[in-house]
Amino acid sequence: MTGPDMTAPNAASRTSASERYNPQKAEPHWQAKWDEASVFITQNDDPRPKYYVLEMFPYPSGRIHIGHVRNYTMGDVVARYKRARGFNVLHPMGWDAFGMPAENAAMQHKVHPRAWTYQNIEAMRAQLKVMGLSLDWTREFATCDVDYYHRQQILFTDFLKAGLVTRKTSRVNWDPVDHTVLANEQVIDGRGWRSGALVEQRELAQWVFKITDYAQDLLDGLDELDDWPDKVRTMQRNWIGKSRGLHMGFALTSPTHGLEAIEVYTTRPDTLAGASFIAIAPEHPLSQAMAQDNSELAAFNADVRRSGTSEEALEKAEKRGFETGLTVKHPIYPDQTLPVWVANFILMDYGTGAVFGCPAHDQRDLDFARSHDLPVIDTYFALDDDTPVANEAFVPDKTEKVRFVNQPAGVEVATGQQAIDATIDWAEAQGLGKGKEQFRLRDWGVSRQRYWGCPIPVIHCESCGAVPVPAKDLPVKLPDDVSFDRPGNPLDHHPTWKHAQCPKCGKDAVRETDTMDTFVDSSWYFARFTDPKANTPTVAESANGWLPVDQYIGGVEHAILHLLYSRFFARAMKATGHMDIREPFKGLFTQGMVVHETYKGTDGWVEPAKVLIEGEDDTRTAKHMETGERLEIGSVEKMSKSKKNVVDTDDIITTYGADTARWFMLSDSPPERDVIWSDAGVEGAHRHIQRVWRLVNDVVNATPDDFDDTPPGSFSDDATALRKVIHRMLNAVADDVEKLAFNRSVARIYDATNAIGRALTKHGDAPDMLWALREAVSILVEAMQPMTPHLSEACWARLGHTGLLATKPWTEVDRSLLDDDTLLLPIQVNGKKRGEISVAKTADKDAVEAAVLADETVVKLLAGQAPKRVIVVPQRIVNIVV
RNA sequence: GCGGGCGUGAUGGAAUUGGUAGACAUACGGGACUUAAAAUCCCGAGGCCCUAGGCCGUGUGGGUUCGAGUCCCACCGCCCGCACCA
């Protein structure tokens with residue numbers, strides 16, 4: 001067998017059993033040892049199989065918060081575990097460093113965004129180092145490093161040449177507080193995602209990434225991402241929003257404004273026979289054109305636009321409309337005409353900005369029809385009920401069979417889906433329209449009117465248009481001398497920066513002053529980590545070798561934006577030859593938040609550090625430590641500055657050490673769920689750290705100087721029992737870590753710790769038991785190493801082992817200890833547990849049945865009756881039916 | 001409204017995926033050690049019945065099964081995402 005290397009420590013190294021583990025001393029010591037040995041520096045040409053673990057990199061706000069601690073601890077456990085398992089692990093860290101807060105700080109505190117950002121990075125790096133993370137710091141970069149955004153500009157120009165970036169004049173979401181454009185994804189309930197201000201619509205020329213070119217591919221790719229949460233895949237699917245329907249024209253009875261017909265898109269062509277009106281968006285070209293000489297319509301359009309995005313308007317959901325007086329021919333019944341309305345609920349952005357309304361089979365259309373006295377025409381009924389539609393539209397499931405009336409395709413009874421397909425075929429055959437796939441996804445506008453971002457490397461020339469900056473002139477650097485005295489873009493206000501010569505014709509021209517959306521920065525950083533010093537954005541060999549990221553860990557708030565953009569970038573980089581990776585993240589894990597109770601006094605929210613809790617459960621009360629004021633205990637919420645329910649990570653690490661913080665973050669709550677921060681929980685975690693240290697010392701102190709560390713030839717039952725517990729624990733911890741079920745690993749380690757403690761007090765002096773105990777604590781600290789690396793190193797050294805635990809290969813479990821020869825099978829009678837029986841593991845069904853029926857308690861329970869049936873599930877359970 | 005998820009002791013949560021419900025931890029109670037406290041160690045604990053022993057128990061009601069926290073149906077409650085998407 002392969003036991004751990006067990007050199008008996010010399011007597012001089014003994015400590016008294018009462019000495020407490022001192023993380024403040026031990027943690028920096030071991031961190032220095034790892035650094036000296038360059039344990040976490042990763043080489044690209046290492047021959048071992050690769051494993052890439054990545055946590056979403058932080059924005060350098062200035063402080064590491066407890067959510068970061070949880071995120072990076074999880075990643076670190078995986079990284080350390082995989083390293084022990086023989087993988088060449090890439091585990092880098094960087095900074096998502098461009099963005100608004102730096103400019104806000106500049107305006108408020110008169111600091112340069114660059115200075116502010118790099119100071120914050122310094123501070124946060126120091127905080128991360130204290131956590132003992134197994135990061136390769138040689139690969140660190142910030143997205144605001146010239147070195148990084150230079151390469152991003154190369155990518156931009158390459159995308160431009162490949163037709164993946166274009167310039168579009170379009171209506172954009174304008175944030176009037178931040179003075180910038182927002183992507184649709186950044187508008188939440190009609191408000192800017194960061195400022196919370198009501199978003200306005202403006203016409204602006206924008207640079208857009210043509211993410212829609214990949215709509216289908218981004219959708220298809222989701223099917224392969226088995227190691228992603230279904231929830232995230234569903235969210236992305238809905239966001240891309242593919243639908244299949246019919247694109248068709250409704251001929252105008254008298255052509256107007258140069259239009260012969262109104263183009264509509266519908267996913268329910270099966271309801272075509274029931275069409276009773278046409279509705280178009282206020283922004284529809286026809287509506288706009290008519291408004292030129294119709295002031296009432298102009299007023300209506302303006303009114304809709306004004307209230308269009310506000311929450312109240314959406315909630316009221318009043319179906320408002322304006323009748324244009326125009327009519328179109330019904331495509332199925334040419335002698336009938338349908339009126340054309342402008343309606344507030346039609347979106348110009350989706351489909352063609354025009355629909356036909358079928359009130360009988362769409363609730364929204366029905367509401368509109370009822371309030372504007374439009375006809376309701378049934379086109380199909382349920383098979384057993386032909387009651388006409390009254391106030392509820394009849395919208396059956398598409399797979400439900402229904403009975404059609406007046407259907408053009410000759411359909412009488414069919415499912416909705418069959419009718420849809422038949423109608424599309426019919427419409428195509430008649431030349432009325434075409435089947436069409438439609439996506440909800442829209443192109444990604446990346447222009448931002450900000451200073452602190454990656455400059456868009458383009459020069460606008462009056463003769464040549466928008467000309468990309470040639471590679472030899474890159475990078476386009478941000479100027480340092482900018483002022484934030486007035487609103488708007490400092491780059492635009494800069495006296496000289498924007499003036500340049502056209503790279504094509506040499507005439508005076510103007511630089512693009514917009515910078516890129518910061519989501520661009522985070523869309524390819526994972527690829528840059530694979531070769532962070534390269535002159536090109538990536539080195540294909542390195543990127544292809546490391547990517548995809550095997551395990552990506554971060555908050556679910558990035559489920560759509562960041563992850564979708566990154567998936568687009570991987571495809572675009574593949575198309576432009578920068579790497580050959582389609583899906584950048586193989587495994588994704590979205591961790592829960594760290595939450596805390598809130599406390600409120602008459603002067604507002606109070607920090608937990610100043611709150612004294614008395615009593616328990618229902619009778620708990622909170623008191624202000626300084627003023628003695630009674631405080632209200634509020635709900636448990638995400639830690640935020642506004643609620644002041646923030647726990648400072650430095651305080652925790654100073655008081656208890658990084659290992660305690662790490663251990664607590666992994667305990668109890670499943671990693672995907674929210675964890676409630678509690679002082680009692682932290683205390684409990686710290687108690688365990690101390691207990692393991694004590695246990696290790698007790699075992700060392702029980703070891704005589706002349707201890708023979710060769711494995712004994714045989715073990716007592718007690719020693720074997722302990723070894724079984726430990727080896728099973730090691731096996732199970734590995735399984736759980738693979739599944740990221742850290743809370744279960746923790747529980748198993750507690751279990752094993754208890755078992756070691758019991759064995760020590762009971763039989764600590766028998767030589768075979770002592771050997772087993774030394775093996776047990778060695779394996780215990782090894783299993784804990786990914787989670788509590790400092791403590792584990794200290795214990796490892798204390799046990800007299802040489803070398804760093806951080807570089808030790810994972811111990812192979814002794815398989816012979818995983819299984820028992822005999823099993824304790826529960827015996828049920830009529831499904832209720834009535835006893836247990838010990839049987840040989842290899843016993844077959846008949847043997848088990850015979851043994852059970854011969855069992856004393858069973859005989860007693862049966863009291864002479866013959867069982868009707870005996871169900872034996874081998875190695876599980878026995879159930880007797882009487 | 002649509003889509004997804006969840007509901008287990010005082011609390012966070014386990015439960016080999018249909019096979020001994022409540023592992024492990026927190027809080028609590030009792031004991032040991034101590035002049036005392038802290039620390040540590042040991043013991044107890046789902047509810048009910050006086051006990052032996054038994055009955056009940058995983059949001060509620062029903063079903064499938066030898067056997068259901070787990071599967072099916074209906075309902076109740078909570079959480080998350082999207083939302084006038086044609």
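Just so it is clear, the structure is predicted and the values come from calculations on it, not from any experiment. Throughout, protein chains are lettered first and strands after them, A, B, ... in sequence-line order, and every chain is numbered starting at 1.
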For residues 359-366 of chain A, which side-chain donor-acceptor pairs fall under 3.5 Å, sequence neighbours excluded?
unit_1: A:His361; atom_1: ND1; unit_2: A:Phe394; atom_2: O; d: 2.9
unit_1: A:His361; atom_1: NE2; unit_2: A:Thr379; atom_2: N; d: 3.1
unit_1: A:His361; atom_1: NE2; unit_2: A:Thr379; atom_2: OG1; d: 3.2
unit_1: A:Asp362; atom_1: OD1; unit_2: A:Arg364; atom_2: N; d: 2.9
unit_1: A:Asp362; atom_1: OD1; unit_2: A:Asp365; atom_2: N; d: 3.0
unit_1: A:Gln363; atom_1: OE1; unit_2: A:Ala393; atom_2: N; d: 2.9
unit_1: A:Gln363; atom_1: NE2; unit_2: A:Asp367; atom_2: OD1; d: 3.1
unit_1: A:Gln363; atom_1: NE2; unit_2: A:Asn391; atom_2: O; d: 3.4
unit_1: A:Asp365; atom_1: OD2; unit_2: A:Cys358; atom_2: N; d: 2.9

Problem set entry | Set of salt bridge (Lys or Arg N to Asp or Glu O under 4.0 Å) partners for A:Glu836, sequence neighbours left out | A:Lys833

Problem set entry | RNA chain B base-pair string [pairs: Watson-Crick or G-U under 3.5 Å; |: paired with another strand] | (((((((..(((......[....))).(((((.......))))).((((...))))..(((((..]....))))))))))))....

Problem set entry | Pairing residues for A:Glu557 by the side chain to side chain donor-acceptor pair (under 3.5 Å) criterion, not counting sequence neighbours | none

For this session: Not counting sequence neighbours, which residues clear side-chain contact (heavy atoms from CB on, under 4.5 Å) with A:Arg687? List them please.
Result: A:Glu683

Exercise. Going by atom types alone, do A:Tyr265 and A:Ser243 pair a side-chain donor with an acceptor below 3.5 Å?
Worked result: yes

Seminar exercise, completed: By nearest-heavy-atom nucleotide on RNA chain B, the more 5' of A:Arg691 and A:Thr267 is A:Arg691

N/O donor to acceptor pairs below 3.5 angstrom from side-chain atoms of residues 867-882 of chain A, sequence neighbours left out:
unit_1: A:Asn879; atom_1: OD1; unit_2: A:Gly831; atom_2: N; d: 3.1

For this session: With sequence neighbours left out, write down each residue that passes salt bridge (Lys or Arg N to Asp or Glu O under 4.0 Å) with A:Asp844, or none if nothing qualifies.
Result: none

Exercise. Under the ring-ring contact (aromatic ring centres under 6.0 Å, His included) test, which residues partner A:Tyr656, sequence neighbours left out?
Worked result: A:His686

Seminar exercise, completed: Of B:A25, B:U16, B:A23, the nucleotide closest to the side chain of A:Arg876 is B:U16

Problem set entry | A:Arg70: salt bridge (Lys or Arg N to Asp or Glu O under 4.0 Å) partners, not counting sequence neighbours | none

Identify all pairs in which a protein N or O lies below 3.5 Å from an N or O of nucleotides 45-47 of chain B, and state each distance.
none

For this session: Can you check each nucleotide of nucleotides 66-71 of chain B against protein heavy atoms at under 4.0 Å and return B for base, S for sugar-phosphate only, - for none, in 5' to 3' order?
Result: BS----

For this session: May I ask you to verify if any side-chain N or O of A:Thr234 is less than 4.0 angstrom from the OP1 or OP2 atom of B:G4?
Result: no

Problem set entry | A:Lys231: salt bridge (Lys or Arg N to Asp or Glu O under 4.0 Å) partners, not counting sequence neighbours | none

